[in-house]
Asks: 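Sharing a structure here in structure tokens format.
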Amino acid sequence: MSTLYARFAAHVDAALDALEAEGVLARGLDRKNVTVEPPRDPSHGDLATNAAMVLSKGAKMNPRALAEAIVAQLSALDEVVSAEIAGPGFINMRLAEAAWRSELAAIHGGGGDYGKSTLGAGKTVNVEYVSANPTGPMHMGHCRGAVVGDALASLLAFAGHDVIREYYVNDAGGQVDVLARSVHLRYREALGEAVGEIPEGLYPGDYLVPVGQKLAAAHGDAFVGKPESDWLILFRETAVAEMLVMIKDDLALLGIHHDVFASEAVVQAEKKPEAAEAFLRERGLVYDGELEAPKGEVDPDWEPVTLPLFRSTQFGDDQDRPIRKSNGSWTYFGADMAYHFQKAQKADALIDIWGADHAGTVKRIKAAVEALTGGTKPFDVKLVQMVRLLRGGEPVKMSKRAGNFVTLADVVREVGKDVVRFTMLTRKADAQMDFDFAKVVEASKDNPVFYVQYAHARICSLRRRIGEAGMNVEAAPNPDLLDAEDLELAKLAAQFPRIVESAALAREPHRIAFYLYDLAAAFHAFWNVGNDRVDRRILVVNNEVLTISRLYLADAIRQVIANGLSIMGVQPVQEM
RNA sequence: GCGCCCGUAGCUCAGUUGGAUAGAGCACGAGCCUUCUAAGCUUGGGGCCGCAGGUUCGAAUCCUGCCGGGCGCGCCA
């Protein structure tokens, strides 16, 4: 069943087709800016289209004249009660109540699929998110990107994309060697050596203790007093594998499961960077050259060196970027470039979710993707800002030196997965956010998590209560009993498919959260009318068919809330 | 020095990719609770959308330049 907004977009399209056929409107005009939306001011009507204004220039017509022609077409529709021209050429439509009743039927018919879109047209999108270094458990710094990436992936899937959820494991850089050395220390400790204070520069966290024990149990003292070359690779691979187990457990706490864990070491072992370099050299986009001296602070040790450089300046970067170090090994960028090339083989579009501290490297990687794919694969980097942790308004103290950062697992354990996920989506990703342990679990209207869940639970309890009142909750509703006041709620619910599409286009999952808050607020307001006016209650004593019909409305709201929450990865609650 | 992000009500933030009279919560004022769960509700005041230009039927939104704040600048990862 088509949703209301999709149907009216088609109606407007058909009206324009008809005008073309009549010769009123020039053929082949670009309609991509034509919209069908609810007007900001509800007194203007239910739906508005800007078609006349957008097309008037190309049609060489006065917008109002064109609007009149379109109005004539739209007025003929059964679902349209009135269509009027307003302002500079808006067409405002008022819909028959039947239109909103049919949308309620669409919600009930669609169930969990209501709001799904074909916008994505089955195109494959690779969403890479989290990608935390495999050197320890996840801490709160990773949390927001994880949730935003996961919700975005779900949103895109809901909007009709094939989605690949991917995690890039940085298991090839210096930080995993440091990890291996840290584990070696724990290994010696497990064999009885007193290692004392963990030296500066190594990872001090206790989570490495069991890894050392495991290696000690498996290998005994075979690697004690041996040169690093004997054990580094084994220790590194073991440690990374153990860290990934921890990270996956942490992600599972948030309900996050990636489809692909891509290893940087494998990318390198498979010579992907070499292939990318050759490809770019052929096109003159990699050359051997010297880096400019760093700007700003003067480094006395700076010496010019010849390195293979990617010509990212040709794509708007301010400097060409080295892809190999002077010792011949790959820079992070060199490998990352090849990794993105690899992802682009299996997807129509790429999205990366990064922490805002990596903003400085966006240009070079976008340049690289454009160069490697000839611009055929749209590539978007979404930056996610820092989260400030507060407890009752006071910043939570953390000491990185002591390694006692706030872990994601601790937070999830304290406030719950759903609260964490919802809260992380109550702000635009690129805006800084506060996460206050006290506020996110507060049971009040200020807390959107609670308020939305409460609306869902309220409808669930309503259903139970109607049953307890001796009415048959499975009886057939009569939607004609729903009056204009009731249908205002249906109008808001009917926005959901549009919100999904616009959020997917903008790649902004937070819009779902804001919409659900609005919908919940409208439902609570609707509910509260019943406090003063008994006839406006949903449960009307001695009137089963009216009660069931209003439950039908309320259940539609519940369904939309549930669908929105499912995109966010939040479990709707039945009671509170 | 350069780049990126941000600047909307006293505060925290939305603003449907350019639409009509810019919204919500908090805070402040007024009124309302023995409930289809008041875990609140109704209602009022409060805005040079940082500033100045530009683009056009139309700008908080796009462009340019300033002002102010944050982040980043590496053969690191």
Side-chain angles (χ1 to χ4, degrees), chain A residues 33 35 37-41 43-44 48 50 53-54 56-57 62-64 86-90 92 133 135 170 172-176 264 291 293-297 299 302 305 307-309 316-319 321-336 355-363 383 385-386 426-428 430-434 442-448 450-451 454 457-458 461-462 465-466 469 495 498-499 501-503 505-506 508 510-511 513-515 517-518 521 524-525 527-532 534 536-541 547 550-551 554 575-576:
Chain A
N33 291 326
T35 58
E37 303 174 328
R40 278 203 179 150
D41 184 343
S43 71
H44 290 146
N50 61 356
M53 290 183 294
V54 171
S56 66
K57 205 173 203 179
N62 175 309
R64 290 191 71 98
F90 283 101
N92 291 329
N133 283 341
T135 55
N170 299 132
Q175 81 283 4
V176 284
E264 181 184 2
L291 276 181
K295 299 287 190 322
E297 258 177 74
D299 180 355
W302 170 262
V305 187
L307 293 167
L309 300 179
D317 203 357
D318 23 279
Q319 212 181 334
R321 304 293 173 174
I323 59 171
R324 285 180 194 261
K325 305 177 198 172
S326 50
N327 66 8
S329 67
W330 296 101
T331 61
Y332 182 83
F333 171 65
D336 201 29
D357 50 337
H358 290 85
T361 61
V362 171
K363 272 195 174 173
L383 295 177
Q385 276 289 352
M386 297 295 281
T426 54
R427 202 118 305 176
K428 223 171 12 186
D430 53 20
Q432 195 184 305
M433 167 159 94
D434 290 347
E442 197 174 277
S444 78
K445 188 176 180 178
D446 324 351
N447 181 2
F450 166 79
Y451 207 55
Y454 185 29
R458 207 169 218 185
S461 83
L462 179 67
R465 205 165 258 268
I466 288 172
Q495 312 271 345
R498 299 180 55 243
I499 300 291
E501 291 196 348
S502 68
L505 277 173
E508 292 185 345
H510 77 277
R511 292 189 189 192
F514 279 93
Y515 167 74
Y517 183 77
D518 285 346
H524 289 306
W527 176 282
N528 287 317
V529 171
N531 286 334
D532 295 331
V534 176
R536 295 301 317 172
R537 293 186 179 185
I538 296 173
L539 200 174
V540 184
V541 182
T547 298
R550 285 188 177 157
L551 177 63
E575 48 190 320
M576 310 193 71

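Every chain is numbered from 1 and lettered A, B, ... according to where its sequence line falls, protein lines coming before strand lines.
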Asks: Sugar-phosphate atoms are those with a prime plus P, OP1 and OP2; base atoms are the rest. Using that split, label each nucleotide of nucleotides 54-62 of chain B B, S or - for protein heavy atoms under 4.0 Å, 5' to 3'.
Replies: --SB--B--

Asks: Is the base of G40(B) stacked against the aromatic ring of His524(A), taking ring centres under 5.5 Å apart and planes under 30° as the test?
Replies: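 One would not call His524(A) stacked on the G40(B) base.
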
Asks: Do the ring centers of His524(A) and Tyr454(A) come within less than 6.0 Å of each other?
Replies: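 They qualify: ring centres under 6.0 Å apart.
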
Asks: Side-chain N or O of Arg321(A) versus OP1/OP2 of G3(B): is the shortest distance under 4.0 Å?
Replies: no

Asks: Please determine whether any donor N or O and acceptor N or O are separated by less than 3.5 Å between the side chain of Asp518(A) and the base of A24(B).
Replies: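 Side chain to base: no pair present.
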
Asks: Using purine N1 to pyrimidine N3 plus N6-O4 or O6-N4 for Watson-Crick, or N1-O2 and O6-N3 for G-U wobble, each under 3.5 Å, what pairs with C32(B)?
Replies: G40(B)

Asks: Would you jot down, in residue-number order, the residues of residues 326-333 of chain A having a non-hydrogen atom under 4.0 Å from RNA chain B?
Replies: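 Of all residues in residues 326-333 of chain A, the ones placing a heavy atom under 4.0 Å from RNA chain B are Ser326(A), Thr331(A), Tyr332(A).
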
Asks: Touch check for Arg537(A), heavy atoms < 4.0 angstrom, all strands: base, sugar-phosphate only, or nothing?
Replies: base

Asks: Hey, which of these two, Gly87(A) or His510(A), hits RNA chain B nearer its 5' end, going by closest nucleotide?
Replies: His510(A)

Asks: Considering only the C1' atoms, how many Å lie between A24(B) and G47(B), rounded to the nearest integer?
Replies: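 Result for the C1' pair: 15 Å, nearest Å.
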
Asks: Whether Tyr451(A) contacts C41(B) is assessed here as follows: a side-chain N or O lying under 4.0 Å from the phosphate OP1 or OP2. Is that the case?
Replies: yes

Asks: Both distances under 3.5 Å, Watson-Crick or G-U wobble: report the partner of G23(B), or none.
Replies: C13(B)

Asks: Using side-chain heavy atoms (C-beta onward) and a distance below 4.5 Å, is Glu442(A) in contact with Phe450(A)?
Replies: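 No - every pair of side-chain heavy atoms lies 4.5 Å or more apart.
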
Asks: Does a side-chain N or O from Lys428(A) land closer than 4.0 Å to OP1 or OP2 of U12(B), or not?
Replies: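 For U12(B), neither OP1 nor OP2 has a side-chain N or O of Lys428(A) closer than 4.0 Å.
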
Asks: So what's G53(B) paired with, Watson-Crick or G-U wobble, going by both distances under 3.5 Å?
Replies: C63(B)

Asks: Flag as yes if Phe90(A) stacks onto the base of A20(B) (centroids under 5.5 Å, planes under 30°), otherwise no.
Replies: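 Here the ring of Phe90(A) and the base of A20(B) are stacked, with centres under 5.5 Å and planes under 30°.
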
